[in-house]
**Student:** 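Sharing a structure here in structure tokens format.
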Amino acid sequence: MDKIIIYGGNRLKGEVTVSGSKNSALPILFSTLLTDDSMTITNIPSLTDINTAISFLNFIGKKITKKGNTVTVHSSYRCKRYKHIAPYELVRKMRASILVMGPLLARLKKVDMSMPGGCAIGARPIDIHLDAFKKLGAEILVKNGYIKTFVRNDLRGTAINLNFPSVGATENILLAAVLAKGETIINNAAREPEIEDLANVLNKMGANISGAGTNKIIVNGMKKLSGFTCHEVIPDRIEAATYIIAAAITKGEIILKKVIPQHLDFVTNKLKKCGLFIKETEDTILAKWTKNLRPQNVKTGVYPMFPTDLQAQWMVLMCLLNGYTSYIEENIFENRFLHVAELQRFGANITINGKTVNIKGVEKFSGAPAMVSDLRAGAAIILAGLAASGKTTVSRIYHLDRGYDTFEKKLKKLGANIKRVHYDDT
Ligand code: UD1
């Protein structure tokens, strides 16, 4: 069991290179099931979720290797021998495993997927995915904890009106519709930059997708897709914003390199309103603390609104604006306030009222032992520890390794007093 130990209070200063986006890399990796040709994908972050996805794809029958931040998908002629099963052990580890459904339905016409269980941030059903597959012509049976999906003839393009712009469902529909017969129209599609990145990859494979990045996506199905030379995954906007908030709470000054500033507009505009100094170039962002920081209320929403994946980190910043009150409303996930109890250990003054938290800013945090419940809650705890006086010990940090590429190394380089230690529980 690894833990992270932080002695807080250091101002973070320097440059940090943002890694490739986890939420882009995962669907892109699953898209490789749509062809037997080779391809190279660069700027893949080093994360346990990525390793899980690669192991899963190799289990299904692909030949995929990762060296540094480059993934090579080797050509294979084994589509017919692909396994059509997504076992409990894999789906339980990573919810994004459900993205095998679209491509396997398209190519094998069947897939048996273990039901994704509940997770730390709410029930997270998959009804939108399944309703869309039914509209495309799939039949679905639930048996022995597995969702058995199959297509008797072909997947057929149709109009799909999502009742909520689910990111995963939009991706799963794209991953199936590119090989369906005829035209698929996704209305009320998710607009996240990761959807556009996936669509760009699929178009490089020969798909015909237009409108990705808007709420209406049109896909003209193809008989076959092929490989491509190279695709570079977009930068991780959530990782980038986490470092900007780190600069704000440690009275620091950080330059983010290899970032797409427009993907962060909603957040950086909020931070500018808070009084943080922000200067953007084409692919960098400078974030510098000023003594005039003031709170901003936040309501999470779908892109381009404030991302739920930054709600916990934002809370840390609001907690440290002494004497000011603010609120945060979580509109995407139920039960995404598990970090509140942990932040209270540091001295935060927060009350939960349904889907809203009310925050009274305190003068300072004091270091505390804390436990990570989910990925972004973990980032918030690390931020709290960086701002707190004294020692913070963070356990269950495997959640962090799922989504932050070499987090403590990057923070250390910026001047944090942080280290990972191995505890033997035996
Ligand atoms: C993706 C991101 C995750 C982010 C989330 C919202 C990846 C790998 N993960 O997750 O980091 O927090 O978008 O921006 O990209 N829902 C249903 N039925 C469904 C699908 C979703 O009710 O069939 C609900 C979910 O329970 C949740 C909301 O819709 O309350 C948003 O889910 P969705 O947009 O699908 O998020 P994910 O794709 O799971």
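In listed order, ligands and their atoms are each counted from 1.
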**Student:** I'd like to know if the side chain of K22 pairs up with that of Y404 as donor and acceptor (distance under 3.5 Å, no hydrogens or angles considered).
**Tutor:** no

**Student:** Judged on heavy-atom distance to atom 14 (O) of ligand 1, which of T308, L310, L375, V302 sits nearest?
**Tutor:** T308

**Student:** Test of understanding: with side chain to side chain donor-acceptor pair (under 3.5 Å), list the residues that count as partners of S38, not counting sequence neighbours.
**Tutor:** none

**Student:** For atom 20 (C) of ligand 1, which candidate among P125, G168, A169 provides the closest heavy atom?
**Tutor:** P125

**Student:** Where on D309 is there a heavy atom closer than 4.0 Å to ligand 1, on the side chain, on the backbone, on both, or on neither?
**Tutor:** side chain

**Student:** Go through ligand 1 atom by atom and flag the ones less than 4.0 Å from a non-hydrogen atom of F333.
**Tutor:** 5 (C), 12 (O), 27 (C), 30 (O)

**Student:** Less than 3.5 Å between some nitrogen or oxygen of K22 and one of ligand 1, yes or no?
**Tutor:** no

**Student:** Which ligand 1 atoms does F164 reach within 4.0 Å, using its non-hydrogen atoms?
**Tutor:** 28 (C), 29 (O), 31 (C)

**Student:** Looking at D36 and R107, does any basic side-chain N land under 4.0 Å from a carboxylate oxygen?
**Tutor:** yes

**Student:** Does any N/O atom on N23 come nearer than 3.5 Å to any N/O atom on ligand 1?
**Tutor:** yes

**Student:** Which is it for R95 and ligand 1 at heavy atoms under 4.0 Å: side chain, backbone, both or neither?
**Tutor:** side chain

**Student:** Answer side chain, backbone, both or neither: which part of I238 comes under 4.0 Å from ligand 1, heavy atoms only.
**Tutor:** neither

**Student:** Measure from the side-chain N and O atoms of R345 to the backbone N and O of P369, and report whether any donor-acceptor pair falls under 3.5 Å.
**Tutor:** yes

**Student:** Just one of I60, T149, L34 clears the side-chain contact (heavy atoms from CB on, under 4.5 Å) bar with L104, so which one?
**Tutor:** I60

**Student:** Does any N/O atom on I332 come nearer than 3.5 Å to any N/O atom on ligand 1?
**Tutor:** yes

**Student:** Answer yes when E330 and R336 have at least one side-chain N-carboxylate O distance shorter than 4.0 Å, and no when they do not.
**Tutor:** no

**Student:** Below 3.5 angstrom, do we get any N/O pair linking S166 and ligand 1?
**Tutor:** yes

**Student:** Do V71 and T32 make a side-chain contact, defined as non-hydrogen atoms from C-beta onward lying under 4.5 Å apart?
**Tutor:** no

**Student:** Side chains of I397 and E408: does their closest heavy-atom pair fall under 4.5 Å?
**Tutor:** no

**Student:** Quick one: which of I195, D49, V167 has a heavy atom closest to atom 34 (O) of ligand 1?
**Tutor:** V167

